[in-house]
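Below is one structure, written out as structure tokens, with a few remarks after it.
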Number of protein chains: 2
Amino acid sequence: MTKTAQGAKKKGWRKAEIIAAAAECFMERGYHATKVDDVAARLGATKGRIYHHYSSKTDLFFDVHREGMARLFAAQAAVVCRGGARDRLIAMLQAHAEAMLTHHTYETVVAQGVQVHRFDQTTPEERETMADLIATRDEFEGLFKSALDAAIAAGEVTPREVSISVKMMLGALQWTLVWYRPRDGETEAERADLARRMVASVIAGV
Amino acid sequence: MTKTAQGAKKKGWRKAEIIAAAAECFMERGYHATKVDDVAARLGATKGRIYHHYSSKTDLFFDVHREGMARLFAAQAAVVCRGGARDRLIAMLQAHAEAMLTHHTYETVVAQGVQVHRFDQTTPEERETMADLIATRDEFEGLFKSALDAAIAAGEVTPREVSISVKMMLGALQWTLVWYRPRDGETEAERADLARRMVASVIAGV
DNA sequence: GTCTATACTTGGATAGAC
DNA sequence: GTCTATCCAAGTATAGAC
């Protein structure tokens, strides 16, 4: 590893600490109710530390949002499936459900998303960042539309409105942000099991 | 109508105006980002008017929340179904989907719900109010659990975990709060049609 | 019952010491 | 790179006129 890469990583580590603390605060109380002092306090520091790395609370929020989206994409990138197109879609749903439970803290912030800043006074740079975040979300939803399209094309799923169906499937899984709170000491296996039962319910219908 | 009932209705009308304006503001920007001045401005008034009827912004929020829940229950109360238990469940889902679209403004506030105040300094009275609101939500979810139970008992639906299934069904419909925005001039028929397509997707599964 | 004017608090952001 | 001290803007709530 080069000297500069080491430097970048070290700097990234400090930021990652701040991002993690901010994610917890934003998750618990929401963006607007969270004070920069709250984030600092969670780190056992003062806000001088935050403002050394971030020029504003908004900037910090954007980084938490990016991390949340990155984790969702990472979960999808890790999906492997030997079966057909329908099996692949199900595996993707399963991975997404697990990701929503595991990265609950970050995904709650993603859900607050751009909405939080839509009506605020924003600088041109902030507007550009917001456009990027929205594009990234659309891209993510696109992964599932493609997978459902493929399953329909393969004759493995009854044809139906793809756009609506994907919104319903993802909505069902993402609503966990409202009702699910991780228990202390919950294992990965328990989360995977809950995710399985959720996905089974979604694909079964009524 | 008695004199006192007339009086109560008149007073209620003034409050209803404020509640409607507050719902729009809370929907657009969220509770914390909404200033009492914003609500007043939307009424073409100043905040003196708000504080004459409500002792705090929190109190106003609770009234908006109550109105949102009342509309959800009203939609369910209006459900009539001649068919079996499964048909009845589907009719309930349809009514709920339409309600979520039609009363989008209020239901967005309901979704912000108690979460917004969970970590705030609250008075004993506020905590009592919050407990009431939570109980009301649980009661609402209970309507759907009972309906699904009945459909399973009647052999019209494949047995499955009722609690999880209801959370997935309602989650799929409620996630509309995140992606749906009513278009100007959208008709009730168009909303009903969208609701139908949503419910069809949910009950069909994958 | 609503307005204007204002008191008071909170909280984002900065400056300069260490 | 982080802390302490501080500035200043924003926003909740109140007092008193009309």
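The chains referred to below are lettered A, B, ... by the order of the sequence lines, with proteins before strands, and numbering in each begins at 1.
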Checklist line | Cationic tip of A:Arg29 above B:Phe119 ring, under 6.0 Å, 45° of axis | finding: no
Check: What is the distance from CZ of B:Arg49 to C1' of C:dT2, rounded to the nearest Å?
Finding: 8 Å
Item checked: side-chain contact (heavy atoms from CB on, under 4.5 Å) against A:Arg191, all qualifying residues, sequence neighbours excluded -> A:Leu101, A:Thr102, A:Tyr180, A:Glu186, A:Glu188
Next item on the list: Starting at atom CG of B:Leu43, determine the distance to atom P of C:dG1, rounded to an integer number of angstrom.
Entry: 16 Å
Check: Phosphate oxygens OP1/OP2 of D:dG1: is one of them under 4.0 Å from a side-chain N or O of A:His52?
Finding: yes
Next item on the list: Taking B:Thr122 for its side chain and B:Arg118 for its backbone only, find out whether a donor-acceptor pair lies under 3.5 Å.
Entry: no
Margin query: Suppose we screen for ring-ring contact (aromatic ring centres under 6.0 Å, His included). Which residues come up paired with A:Phe144, at least two apart in sequence or across chains?
Written below: A:His96, A:Phe140
Next item on the list: In plain terms, say whether A:Glu141 and A:Arg137 are close enough for a salt bridge, that is, a side-chain N and a carboxylate O under 4.0 Å apart.
Entry: no
Check: Starting at CD1 of B:Ile18 and ending at C1' of C:dG1, how long is that distance when rounded to a whole Å?
Finding: 10 Å
Under 3.5 Å, N/O pairs linking protein and nucleotides 10-14 of chain C:
residue, atom, partner, partner atom, Å
C:dG11, OP2, A:Lys35, NZ, 3.0
C:dG12, OP1, A:Thr34, O, 3.3
C:dG12, OP1, A:Lys57, NZ, 3.1
C:dG12, OP2, A:Val36, N, 2.8
C:dG12, N7, A:Lys47, NZ, 3.3
C:dA13, OP2, A:Tyr51, OH, 2.9
C:dA13, OP2, A:Lys57, N, 3.1
C:dA13, N6, A:Lys47, NZ, 2.7

Note to self: Please report the distance, rounded to the nearest Å, between CD1 in A:Ile50 and C1' in D:dC3.
What the structure shows: 13 Å
Checklist line | Within 6.0 angstrom of B:Arg88 CZ, more than 12 heavy atoms from elsewhere | finding: no
Check: Does anything in residues 19-30 of chain A reach DNA chain D, meaning a heavy atom under 4.0 Å, and if so which residues?
Finding: none
Next item on the list: Name all residues meeting the ring-ring contact (aromatic ring centres under 6.0 Å, His included) criterion together with B:Phe26; count only those two or more places apart in sequence or in a different chain, and write none if there are none.
Entry: B:Tyr31, B:Phe61
Notebook entry, point to check: Within less than 4.0 Å of OP1 or OP2 of C:dC3, is there a side-chain N or O belonging to B:Thr46?
Noted result: yes
Notebook entry, point to check: With B:His32, which residues qualify under ring-ring contact (aromatic ring centres under 6.0 Å, His included), at least two apart?
Noted result: none
